[in-house]
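All remarks here apply to the structure that follows.
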There are 2 protein chains.
Amino acid sequence: MPQAASNPAGGVAAASPWDGVAERLRASGLRWTPQRRTLVDVLREHEGHVTATELIARCRERDQTTTPSTVYRTLDVLEDFGLVRHGHGPGGREEYHVLPDQVHGHLYCVACGATWEIRPETGAAIVDALAADLGFDVDLSHVTISGRCQTCRD
Amino acid sequence: MPQAASNPAGGVAAASPWDGVAERLRASGLRWTPQRRTLVDVLREHEGHVTATELIARCRERDQTTTPSTVYRTLDVLEDFGLVRHGHGPGGREEYHVLPDQVHGHLYCVACGATWEIRPETGAAIVDALAADLGFDVDLSHVTISGRCQTCRD
DNA sequence: CACCCTAGCGCAAGACGTTGCAATAGCGCA
DNA sequence: TGCGCTATTGCAACGTCTTGCGCTAGGGTG
Ligand SMILES: [Mn+2]
Ligand SMILES: [Mn+2]
Ligand SMILES: [Zn+2]
Ligand SMILES: [Zn+2]
């Protein structure tokens with residue numbers, strides 16, 4: 001029991017960043033509502049990328065009365081807390097990264113539709129190039145670069 | 001009268017890439033319609049960047065019956081001919097480059113809303129980084145990177 | 001445990017594109 | 001000049017977000 005807190009029943013429950021959300025919100029004068037709980041419950045079971053549209057659908061599975069505008073607004077709040085981060089996929093559609101470990105940009109092949117995460121070193125090269133150019137501080141997590149992947153170039 | 005063709009009246013009319021559009025379209029089995037003429041007339045008097053929405057408004061000034069879908073479709077056609085090129089500005093809104101001299105990406109400061117063109121060398125650095133990484137062929141003209149400009153970083 | 005302040009909710013409308021469809025009209029050809 | 005094929009048009013509906021507004025309900029306080 002080195003790092004994780006043991007729990008009475010003997011099971012191991014990994015401390016999740018989601019566990020403290022309600023308290024964190026209240027501590028900022030924000031509120032913990034059933035709608036927000038629904039979305040957080042949905043997010044709990046997601047790793048990686050999800051579109052906003054899919055999140056709305058998942059919420060509606062749990063609560064038929066889910067409203068898009070509420071979900072979008074809650075996602076904004078959670079993004080302020082760093083719990084999710086959004087970028088834009090093909091067509092500009094919003095794409096959320098749940099519990100982003102490290103910020104990264106994306107590549108999108110217009111020919112085959114595949115997407116990749118930009119590797120850290122490559123991302124750093126981009127950030128550095130623009131910092132050197134105009135002292136611009138790139139928000140890598142919001143970057144989606146389109147083009148053609150190696151396979152589609154033939 | 002070295003480069004430009006002289007013209008009978010003695011005035012100098014710079015040869016415009018727009019002059020041959022009708023013929024180029026027909027040569028490809030496409031058609032030259034009043035609606036397309038209206039848009040091209042509008043584009044003639046634009047250099048640099050314009051949003052699709054603004055182009056639609058300008059067309060409607062000349063022809064009240066202008067329809068958005070037609071304008072969008074014509075822009076697609078003109079893009080295939082390389083006469084315009086689009087990227088995405090703040091909010092993902094479409095932004096057209098009229099008669100793009102050289103492809104370039106854009107920077108957008110989320111704090112002050114300003115935008116810049118990415119300089120050729122810097123753009124090349126980005127293209128090279130991704131080519132080296134995954135053999136990805138970046139469409140630089142479609143790249144808009146957001147972040148904070150030097151001034152807004154304080 | 002009521003009370004009150006205000007954050008958040010649902011709803012309706014709007015902005016920006018995209019797409020399917022039936023009617024229209026370029027334009028190449030005879 | 002007149003015909004006929006099919007590229008385009010206009011429309012209506014849809015998808016994804018965003019925003020303003022009046023009503024509801026968290027939750028800190030006494
Ligand atoms: Mn965004
Ligand atoms: Mn685009
Ligand atoms: Zn591909
Ligand atoms: Zn700025």
Side-chain angles (χ1 to χ4, degrees), chain A residues 20-40 49-60 62-81 84 86-96 110 113 142 144 146, chain B residues 20-40 49-60 62-81 84 86-96 110 113 142 144 146:
Chain A
V21 202
E23 290 68 28
R24 291 183 63 187
L25 288 179
R26 281 194 278 256
S28 303
L30 305 182
R31 293 173 189 175
W32 184 239
T33 67
Q35 294 84 347
R36 290 184 173 173
R37 184 163 145 47
T38 301
L39 176 56
V40 167
H49 312 75
V50 215
T51 64
T53 301
E54 172 153 6
L55 287 173
I56 293 171
R58 298 274 200 215
C59 283
R60 224 190 293 268
R62 300 177 171 248
D63 173 4
Q64 261 247 287
T65 74
T66 299
T67 293
S69 55
T70 297
V71 175
Y72 282 114
R73 285 190 280 229
T74 300
L75 284 168
D76 284 348
V77 171
L78 298 179
E79 188 153 16
D80 288 341
F81 280 81
V84 301
H86 87 274
H88 295 271
R93 252 29 354 108
E94 287 191 340
E95 210 151 88
Y96 282 85
V110 297
H142 202 269
T144 297
S146 55
Chain B
V21 202
E23 291 67 28
R24 292 183 63 187
L25 288 179
R26 281 193 279 256
S28 302
L30 305 182
R31 293 170 189 178
W32 183 238
T33 66
Q35 295 83 348
R36 289 183 175 173
R37 185 164 144 47
T38 301
L39 177 55
V40 167
H49 312 76
V50 215
T51 63
T53 302
E54 171 152 6
L55 287 173
I56 293 171
R58 298 274 200 215
C59 284
R60 223 190 293 268
R62 299 176 172 251
D63 173 4
Q64 260 247 289
T65 73
T66 299
T67 293
S69 56
T70 297
V71 175
Y72 282 114
R73 284 190 281 228
T74 299
L75 284 168
D76 285 348
V77 172
L78 297 180
E79 189 153 14
D80 287 342
F81 280 80
V84 300
H86 86 274
H88 295 271
R93 267 351 30 92
E94 285 190 342
E95 209 151 89
Y96 282 84
V110 296
H142 201 269
T144 297
S146 55

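Order of the sequence lines sets the chain letters (A, B, ...), proteins ahead of strands, with each chain counted from 1.
- Separation of atoms CD (A:Glu54) and SG (A:Cys59) is listed at 10.5 Å; rounding is to 0.5 Å.
- At distances below 3.5 Å, at least one donor-acceptor pair connects side-chain atoms of A:Thr144 with backbone N or O atoms of A:His88.
- In this structure, A:His86 places its NE2 atom 13 Å from C1' of D:dT16, rounding to the nearest Å.
- Taken to the nearest 0.5 Å, the CD atom of A:Glu94 stands 10.0 Å off from the CG atom of A:Leu55.
- Atom NE2 of residue B:His86 and atom CG of residue B:Leu75 lie 10.0 Å apart, to the nearest 0.5 angstrom.
- Atoms CG (B:Asp76) and C1' (C:dT19) sit 12 Å apart, rounded to a whole Å.
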Legend entry - Base versus backbone protein contacts along nucleotides 7-17 of chain C [heavy-atom cut-off under 4.0 Å; B, S, -]: BSSBB----SS
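- Atom OG1 in A:Thr74 sits 14.0 Å away from atom CZ in A:Arg37 (nearest 0.5 Å).
- The separation between A:Glu23 atom CD and D:dG26 atom P is 16 Å, rounded to whole Å.
- Using modelled atom types, no side-chain atom of A:Arg26 and backbone atom of A:Trp32 make a donor-acceptor pair closer than 3.5 Å.
- Judged by Watson-Crick or G-U wobble contacts below 3.5 Å, the nucleotide C:dA12 has D:dT19 as its partner.
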